[in-house]
Novice: 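Dropping the structure in here first, questions after.
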Amino acid sequence: MKKKQKGFSTLAIHAGQIVEPQTGSLTTPIYQTSTFVFDSLEDGAQKFAGEKPGYIYSRLGNPTVALFEQKMAALENGEAALAFSSGMGAISALMIGLIKSGEHILCSRGLYGCAYGLLVMLKERFGVEFSLVDMRDEQQVANAIQPNTRLIYIETPINPTLEMADLRKISKLAKQHNAKLIVDNTFMTPYLQRPLEMGADFVVHSATKYIGGHGDLIAGVAVGSKREMDRLRQTTLKDVGSALGPNEAFLLNRGLKTLSIRMDRHCANALEVAKFLEKHPRVKSVYYPGLATFRQYELGCRQLNDFGGLVSFEIEGGTTQVAEIINQLKMIKIAVSLGDADSLIQHPATMTHAVVPPEVRAAMGISDGLIRLSVGIEDVEDIIDDLNLGLK
Ligand SMILES: *Cc1c(COP(=O)(O)O)cnc(C)c1O
């Protein structure tokens, strides 16, 4: 009989965790060490040859980091995971490890700015082609696939408009064309969306956001097949080298234990906030996948377990009016990043998307009146009171 898989919250707490044998420590300690001692030359040689398990040097693996990797693999329902020192570390390791010059990467338009910057660098310096497509429309995706397309790289929902891609349909397309599908699952976390179960080959995260959840670290992670993760560990993790440190790994292991209850609160608060904004006379439109009025509400219901903690909204006017609103907020902080316990608000046109040319921004649906709010886990009445103050 197949063993029944434990529930998500149970896995988040127990997956990979073993009581430390020497002291009985419940939590896995911070193994603050760069290197690991071998018993003998033979022991070292066997570990280097991969004939014997065990740690060698913390860039290649560290017990505190390994626990985080095991937890993330279990939560995403993948075979193995690799931890990195940032989300961009994970994204660049995957791209560099999976693409060659002359090949093509198809991406969702409106990509995270630094992922876009990486693609430009790969193109200009290494001859990798890429193009951007509106991933809401499978026909457009199918038409944009080229004979040399080896990777499809998707963020869904995307920042800050929360447009979504149908992961089941796009993974089918990827398979038909012998391309690998990478999904950036930062906005949803494995609690709300599990791309590997829908046919994706790889998942990446900025663990800086909900996975850590407390705004106190920078980290990244990739999940996929054991074969590919082993290969990437020996190449773009080992030789490019953005390895995660044990202190950050400890905080991530701690953060993961409360991921499900934090996400439940983020989602409940965000829905309340979205409903409040929808009724406010100064608000022109609200982008939140959990609103029945959202263009892709149906897809969200099929693909997501809940709708996440990010709400974007558009007000009458532009940058001046946005400044009038957000400068008056008392509790909600003006800051980029997202997924923290604290509510954070930002203005894409002058902040996260300032480098995108205005006409490209407009085509992506990012006007000067658009505001993005990462709804925190404070009492929702206090979040709404603060927004009311700003919108007066
Ligand atoms: C923040 C973010 C990244 C980059 O992650 P870092 O941890 O800052 O390197 C990538 N993708 C998305 C969707 C993000 O929000």
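Atoms within each ligand, like the ligands themselves, are counted from 1 in listed order. None of these values were measured; they are calculated from a predicted model. Start at 1 with the first residue, then count along the sequence.
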Novice: Does T208, backbone or side chain, put an N or O under 3.5 Å from an N or O of ligand 1?
Specialist: yes
Novice: Sequence neighbours left out, what passes salt bridge (charged side-chain N to carboxylate O under 4.0 Å, His left out) with R372? Give chain and number order.
Specialist: none
Novice: With distance as the sole criterion, is a donor-acceptor pair present between the side chains of Q139 and N143 under 3.5 Å?
Specialist: yes
Novice: Side chains of N77 and E197: do they bring a donor and an acceptor to under 3.5 Å?
Specialist: yes
Novice: Is the shortest N/O to N/O distance between L338 and ligand 1 below 3.5 Å?
Specialist: no
Novice: Given side-chain contact (heavy atoms from CB on, under 4.5 Å), test M331 with I383 step by step and report yes or no.
Specialist: CA-CA 8 Å; M331 182 186 79; I383 302 172; 3.8 Å; yes
Novice: Quick test: of every protein heavy atom, which one is nearest to atom 14 (C) of ligand 1, and how far off is it to 0.1 Å?
Specialist: K209 NZ, 3.0 Å
Novice: Does any N or O in the side chain of D166 come within less than 3.5 Å of the main-chain N or O of L299, such that one atom is a donor and the other an acceptor?
Specialist: no
Novice: Show which atoms of ligand 1 fall inside a sub-4.0 Å distance from at least one heavy-atom site of M88.
Specialist: 5 (O), 6 (P), 9 (O)
Novice: Considering only protein heavy atoms, which is closest to atom 4 (C) of ligand 1, and at what distance to one decimal place?
Specialist: Y112 CE2, 3.3 Å
Novice: Looking only at heavy atoms, is any part of C114 under 4.0 Å from ligand 1, and if so is it the side chain, the backbone, or both, or is it neither?
Specialist: neither
Novice: Can you name the atoms of ligand 1, numbered from 1 with element, that are less than 4.0 Å from a heavy atom of S206?
Specialist: 1 (C), 2 (C), 3 (C), 4 (C), 5 (O), 6 (P), 7 (O)
Novice: Under 4.0 Å from a heavy atom of S86: which atoms of ligand 1 are those, numbered in the order shown and with their elements?
Specialist: 7 (O), 9 (O)
Novice: Would one find an N or O of G87, backbone or side chain, under 3.5 Å from an N or O of ligand 1?
Specialist: yes
Novice: Indicate whether any N or O donor in one side chain lies under 3.5 Å from an N or O acceptor in the other, for S25 and T23.
Specialist: no
Novice: Using heavy atoms and a 4.0 Å limit, tell me yes or no: is A219 in contact with ligand 1?
Specialist: yes
Novice: Any idea which protein heavy atom is nearest atom 11 (N) of ligand 1, and the distance to it?
Specialist: D184 OD2, 2.7 Å
Novice: Return the orientation label for the Y191 and F8 ring planes: parallel under 30°, perpendicular over 60°, tilted otherwise.
Specialist: tilted
Novice: Are a donor atom and an acceptor atom from the side chains of E228 and S225 found within less than 3.5 Å of each other?
Specialist: no
Novice: Tell me which part of I91 gets within contact of ligand 1: side chain, backbone, both or neither, using heavy atoms under 4.0 Å.
Specialist: side chain
